[in-house]
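Just below is one structure, and these are the notes that go with it.
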2 protein chains.
Amino acid sequence: MKVSGMAGHLIRRLNQTSTQVFSLRMQMAGYDLTPVQFAALDTVCSSPGLDQAAIAAQIAYDRATIGGVIDRLEQKGLVTRKVNERDRRARAVTATETGQRVYQDVFEIVEGFQPEILSGLSAEEQKQFLRLAAKALAFNADTSPDAEA
Amino acid sequence: MKVSGMAGHLIRRLNQTSTQVFSLRMQMAGYDLTPVQFAALDTVCSSPGLDQAAIAAQIAYDRATIGGVIDRLEQKGLVTRKVNERDRRARAVTATETGQRVYQDVFEIVEGFQPEILSGLSAEEQKQFLRLAAKALAFNADTSPDAEA
DNA sequence: TGGTTATAGTAAGTATAGATACTATTAATT
DNA sequence: AATTAATAGTATCTATACTTACTATAACCA
């Protein structure tokens with residue numbers, strides 16, 4: 001078996017293609033957002049006031065990375081952070097008005113270019129692929145970083 | 001459509017699982033190698049004397065990243081670099097004896113844990129997935145970083 | 001041959017992506 | 001209530017994973 005045909009290699013290449021398509025499309029649309037920044041913004045818009053640890057858990061990241069991501073979203077004026085008065089350890093993150101507007105626009109764009117990531121496959125094959133990918137992940141849903149043992 | 005069901009998100013999660021399995025298995029076997037370090041070592045062992053740019057092209061990376069990767073492989077005593085006398089810009093990279101020994105051992109291990117990356121799928125589904133992943137990538141084989149326009 | 005172009009490697013900078021450790025706070029237990 | 005354990009966020013560190021720019025060298029070509 002050659003390395004280039006192994007699951008790990010193929011998955012890395014797919015992720016590479018995915019991020020390339022993402023950054024190209026964002027640039028074309030005039031936005032400066034990375035995939036993880038979009039994922040975090042999506043979570044914040046869907047669940048306003050969530051703290052960083054919960055955001056990280058929701059999208060399967062570690063707290064340290066999400067801390068930096070929220071930093072940059074805040075610098076761009078898309079979200080704000082404020083201390084949760086009922087738990088002073090936590091920071092409630094909320095999307096600004098600009099953040100909500102950007103999110104709605106970008107969501108449509110992101111949804112629109114998903115098929116491009118798998119453009120080598122027919123529509124039916126893409127559905128198959130997504131079904132298999134989701135199933136492959138269903139079992140290790142609890143293996144995200146920061147997950148308590 | 002929710003973000004968690006989109007191709008980009010699923011692929012990122014798969015890549016995350018893949019790297020987690022890789023680092024866990026390497027640690028269990030007592031090796032200190034990352035996925036890209038293994039990929040580079042694989043290329044060097046298969047094509048001794050290749051320069052860094054060619055290694056990068058082979059495994060779809062940019063030159064800058066591979067430069068650092070080769071640095072670390074060299075520090076670990078797995079490869080050596082020497083100036084190509086016919087083209088003094090290029091550095092011919094070769095695996096040391098230790099590098100070759102480590103490679104042969106690690107290759108077996110890496111090959112062995114590939115099914116674990118897709119452990120949520122049956123053997124037949126894994127084959128399907130790998131076939132679709134390879135096909136999806138076949139068309140954008142030329143979109144790797146550093147590729148000349 | 002002289003000038004342009006292209007390429008190999010590196011440097012610097014940004015952003016993940018994560019591990020580990022530390023502080024501040026809260027929860028749980030005795 | 002005092003101690004202990006757990007958790008949220010941050011800091012630090014390592015390693016990708018790029019982009020852009022720069023230097024050195026080689027290839028081209030008029």
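First the proteins, then the strands, lettered A, B, ... as listed; each starts at 1.
More than 12 heavy atoms of other shown residues, nucleotides or ligands fall within 6.0 angstrom of atom CZ in B/R131. Open room surrounds CD on B/E97; 12 or fewer heavy atoms of other groups in view lie less than 6.0 Å from it. Counting heavy-atom neighbours within 6.0 Å of B/Q27 CD, excluding the residue itself, gives a total of 12 or less.
When rounded to the nearest whole Å, the span between NE2 of B/H9 and P of C/dA17 equals 12 Å. The interatomic distance linking A/I59 (CD1) with C/dG18 (P) rounds to 11 Å, in whole Å. One atom, CZ of B/R12, and another, P of C/dA17, lie 6 Å apart when rounded to the nearest Å. D/dA17 atom C1' lies 11 Å from atom CG of A/N15, rounded to whole Å. Atoms CD1 (A/I55) and C1' (D/dT7) sit 16 Å apart, rounded to a whole Å.
Put simply, the side chain of B/K135 never gets that close to the backbone of A/E125: no donor and acceptor are under 3.5 Å apart. Side-chain N or O atoms of B/T96 include one that pairs as donor or acceptor with a backbone N or O of B/G77 at under 3.5 Å. Without hydrogens or angle criteria, B/Q114 side chain to A/M6 main chain gives no donor-acceptor distance under 3.5 Å. At distances below 3.5 Å, at least one donor-acceptor pair connects side-chain atoms of A/Q126 with backbone N or O atoms of A/P115. For A/S18 (side chain) and A/L14 (main-chain N/O), no donor-acceptor pair under 3.5 Å exists by modelled atom type.
Listed by residue number, there are no residues of residues 101-112 of chain B with a heavy-atom contact under 4.0 Å to DNA chain C. Of the residues in residues 23-52 of chain B, those placing a heavy atom less than 4.0 Å from an atom of DNA chain D are B/T34, B/V36, B/Q37, in numerical order. Of all the residues in residues 60-87 of chain A, A/R63, A/A64, A/R81 reach under 4.0 Å from DNA chain D with at least one non-hydrogen atom.
Relative to the side chain of B/R88, the nucleotides D/dC18, C/dG9, D/dA26 differ in distance, and D/dA26 lies closest. If you check C/dA17, C/dA24, C/dA6 against the side chain of B/R89, the one that comes closest is C/dA6.
Comparing the axis of the opening five pairs of the helix from C/dT1-D/dA30 to C/dT30-D/dA1 with that of the closing five pairs yields an angle of 10°, rounded to 10°.
Checked against ring pair (Phe, Tyr, Trp, His ring centres under 6.0 Å), B/Y61 has no partners two or more places apart in sequence or in another chain. Partners of A/F107 under the ring pair (Phe, Tyr, Trp, His ring centres under 6.0 Å) rule, at least two apart in sequence or in another chain, are A/Y103.
Mapped onto DNA chain D by nearest heavy atom, A/A90 and A/T19 fall at different nucleotides, with A/A90 at the one closer to the 5' end.
Using a cut-off of 4.0 Å between Lys/Arg side-chain N and Asp/Glu carboxylate O, B/R81 and B/D71 are scored as salt-bridged.
Under the 4.5 Å side-chain contact rule for hydrophobic residues, B/I117 and A/M1 share a cluster.
Each of A/L10, A/L121, A/L118 was compared with B/L137 under the side-chain contact (heavy atoms from CB on, under 4.5 Å) criterion, and only A/L10 meets it.
A/R72 and A/Q75 are not linked by any side-chain donor-acceptor pair at a separation below 3.5 angstrom, with hydrogens and angles left out of the test.
A close approach under 4.0 Å does occur between a side-chain nitrogen or oxygen of A/Q16 and OP1 or OP2 of D/dC18.
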